[in-house]
Amino acid sequence: MIHVDKLTKYYGDYAAVRDVSFDVPAGKIVGFLGPNGAGKSTTMRVLTGYLTATSGKATIAGLDVFWDSVEVRRRIGYMAENCPLYKEMRVNEYLKFRAGLKGVYGRLRRQRIDFVLERCWLNDVRRQLIGTLSKGYRQRVGLADALLASPPVLILDEPTSGLDPTQIRSSRELIRELGQEHTILLSTHILSEVEMTCDSAIIINRGRVVAADSLENLARRAGEKESLIAVFDHAIDPDLVLDLPGCDRVISEQVAVGTRLRFPSPDVQTLAPRLATLAGEKGWGLRELRPERPTLEDLFVEITEQE
Amino acid sequence: MRSTMTLLRREFGAYFLSPIGYVALAIFLAVTGYLFSRTLVQLTATGPLGIEYPMRQMLGLGDLTEIEGVIQFLLFWMVFLIIPPLLTMRLIAEEQSSGTLEVLLTAPLRDWQIVLSKFLACFGFYVVLWLPTLFYLPVLLDLDWKTWQVGIDPWPVAASYLGVLSAGAMFLALGLFISSLVRSQIVAALITLFLSLIFVVGGVWRADLDSGSLLGKVLSYITVPLHFERNFSRGIVDTRQIVFYLSATLLWLFLTVRSLESRRWR
Ligand SMILES: Nc1ncnc2c1ncn2[C@@H]1O[C@H](COP(=O)(O)OP(=O)(O)OP(=O)(O)O)[C@@H](O)[C@H]1O
Ligand SMILES: [Mg+2]
């Protein structure tokens, strides 16, 4: 549905996005991740026609975002970063105006406005001035605007920033539901959110795609580097532990309850039982022994710090 | 086309939601009201003080040899100069600084539709400013209420309104263009004011300039008060001047479209 090919965008002579290529298949929810300044918003702005790429090509529903810009914009619901809105308008006025801009009129317009007000939990503020809304409510107005013309593609730039925990939760549910009818590209800094809502993720760093895969594959990739955690009541001698078979490295740290050992990339099968025996012999008071799978977050930090 | 209308309606409505519209309206009404009251005094005076063309008085083009005439001239043309930047400064600059331009430019509209809507909206409000002056017309035309006959030649009035609207369009389009270049409303207003000044004082500031020289010709071609003094207020419509206003308007609007387009490349 969204197809990006070798997209490059320079601001002056600073390359914010370099040779970015990815695909978003129809009907999928794709998370767009990256540290601050990675170029997420820039890429989205190129897709929505707000900026023109320096080179490269992007198509949405088969239409080029540069040559068929207006047609592409008709098919996109875009929620910009920080959700800029006209502060002096009322919520329903604003939605009516936006519907008109998007070519939705008459009875359909009324229906759609009622629908999005309901969908984005805005019914109790429909007559309020946008300038007096709290950040979270403004965010919802932005989302409502994106949904107005029921476009096949939604591009959401940090849709859940500034929401309270219950709202984040319901927004995630909403996004999942929307995923059944729309193709969604959403950027976020909250990785657990991606794990919960998205089918796949694209990670970019300093303007380049560093990983793009389905969530299962990314999780598998992250999970490959399992580590073993052991917590003891007493201070221990890490050198004794190092002699155990299946252990090549250990990180020891003092925690409130005693000592915590972390074995990165161990042979868990052989190490775990030996460690337990050793602890019993020495009377170290083994409290906890468990394998730890790195999360997407660890993978994210690892990938983005490598560069 | 309907989306252009939607945008036009919002932009026009925005004048009534912001204080700027009311400020412009208040300044304008105060000054035209003052000029009208002076005109009334002159119209009702007896003897050689009476005036031939009351519309000239309304445009501040009365007797420029007297200090009061000069004050009226300055008042009217200062207001004429200040109103367009007041109306246009926010049109694009505000959207740029608040970020709403991104939302507007990603709506399915072409750039020229956005520029046209914004221009028509400020022009519409400009017309609204002039509407109350229609109440003065019966007096300015010496209308006979029973027969609906006018006692004074109506052409100076009609030509003056035509001039005011077309020259206004030129200044508004200039203001819209400047507003698309900068982020700050104040800066947009100041630059517009400064550039408009060229078209207002150009040929007036040096009375000793040889009107036959090239510079003199160019200046008198672009100086708006001269056009009113020589032609519109006397009931003469010179097509050269109308063509000048309209082509300048189109040029500014065209440049505004290009300026919006160029933002996408930055
Ligand atoms: N208008 C601009 N002019 C110059 N540089 C810009 C402009 N907009 C963005 N940049 C730069 O381009 C880079 C990418 O910015 P972008 O906004 O795309 O990052 P992002 O991934 O959205 O970051 P965040 O997570 O903080 O929103 C940044 O280094 C930023 O400083
Ligand atoms: Mg961003």
Side-chain angles (χ1 to χ4, degrees), chain A residues 9-12 14 16 41-42 44-54 65-66 68-90 93-94 96-106 109 129-131 141-142 145-146 148-149 151 155 157, chain B residues 1-23 87 89-118 120-121 125 180 183 185 257-266:
Chain A
K9 173 73 192 177
Y10 278 88
Y11 288 117
Y14 175 74
S41 304
T42 306
M44 288 179 157
R45 284 173 172 167
V46 171
L47 290 179
T48 52
Y50 179 59
L51 293 175
T52 306
T54 312
V65 296
F66 177 69
D68 286 311
S69 187
V70 173
E71 281 308 308
V72 165
R73 284 182 252 159
R74 250 184 248 293
R75 290 166 174 73
I76 294 181
Y78 176 46
M79 182 175 160
E81 194 171 21
N82 301 326
C83 233
L85 300 163
Y86 298 113
K87 296 194 170 52
E88 72 281 3
M89 290 177 99
R90 293 179 192 283
E93 261 171 23
Y94 178 72
K96 200 170 154 202
F97 160 63
R98 293 291 300 176
L101 280 192
K102 295 176 181 188
V104 180
Y105 301 101
R109 165 151 81 178
L129 283 178
I130 290 177
V141 176
D145 169 35
L148 262 180
I155 294 183
D157 202 345
Chain B
M1 217 56 233
R2 283 186 83 176
S3 41
T4 314
M5 279 307 295
T6 306
L7 183 55
L8 200 166
R9 218 170 301 137
R10 191 210 90 82
E11 294 291 343
F12 185 68
Y15 283 112
F16 297 93
L17 296 176
S18 76
I20 261 315
Y22 295 102
V23 169
L87 299 188
M89 63 182 193
R90 48 163 282 278
L91 283 174
I92 300 178
E94 186 189 29
E95 299 224 34
Q96 267 180 67
S97 59
S98 74
T100 49
L101 194 64
E102 178 169 1
V103 186
L104 184 61
L105 289 182
T106 51
L109 264 84
R110 297 185 187 283
D111 290 345
W112 66 261
Q113 290 177 303
I114 293 175
V115 171
L116 186 69
S117 314
K118 286 188 178 269
L120 290 180
F125 194 77
S180 77
R183 282 170 165 271
Q185 296 188 49
V257 175
R258 293 333 292 264
S259 143
L260 272 194
E261 256 170 39
S262 77
R263 326 194 38 78
R264 301 180 193 267
W265 292 94
R266 273 180 221 161

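Just so we're on the same page: letters track the sequence lines, and every chain starts at 1.
Proximity to chain B (any heavy atom under 4.5 Å) is shown, for A:L101, by both the backbone and the side chain. Looking at A:D145, only its side chain comes within 4.5 Å of chain B, counting heavy atoms on both sides. No part of A:R75 comes within reach of chain B, as not one of its non-hydrogen atoms sits under 4.5 angstrom from that chain. Proximity to chain A involves both the backbone and the side chain of B:T100, based on heavy atoms less than 4.5 angstrom apart. For A:K9, the part sitting under 4.5 Å from any heavy atom of chain B is the side chain, from C-beta outward, and nothing else.
Between chain B and the residues A:Y78, A:Y86, A:Y11, the largest count of heavy-atom pairs under 4.5 Å involves A:Y86. For chain B, the option among A:S69, A:A53, A:P84 with the highest count of heavy-atom pairs below 4.5 Å is A:P84. Contact count versus chain A (heavy atoms, under 4.5 Å) is highest, among B:M5, B:R9, B:E95, for B:E95. Of the residues considered (A:G12, A:A149, A:G49), A:G49 shows the highest number of contacts with chain B, using heavy-atom pairs under 4.5 Å. When each of A:L51, A:V72, A:V46 is scored by its heavy-atom pairs under 4.5 Å with chain B, the top score falls to A:L51.
Counting only heavy atoms from C-beta outward, the side chains of B:L105 and B:L260 approach each other to under 4.5 Å.
In this structure, B:R90 forms a cation-pi arrangement with B:Y15, its terminal cationic atom sitting closer than 6.0 Å to the ring centre and no more than 45° off the ring axis.
Within a 6.0 Å sphere centred on OH of A:Y10, heavy atoms belonging to other residues, nucleotides or ligands number 12 at most. Annotation: A:K96, atom NZ; neighbour count of heavy atoms from other residues, nucleotides and ligands within 6.0 Å does not exceed 12.
Salt bridge status for A:E88 with B:R10: present, with a side-chain N to carboxylate O gap under 4.0 Å.
Exactly one of A:R90, A:E93, A:M89 qualifies for a side-chain contact (heavy atoms from CB on, under 4.5 Å) with A:L129. That residue is A:R90. The side-chain hydrogen bond (donor to acceptor under 3.5 Å, both in side chains) with B:D111 is formed by just one residue from the set B:R263, B:R258, B:R264; it is B:R264.
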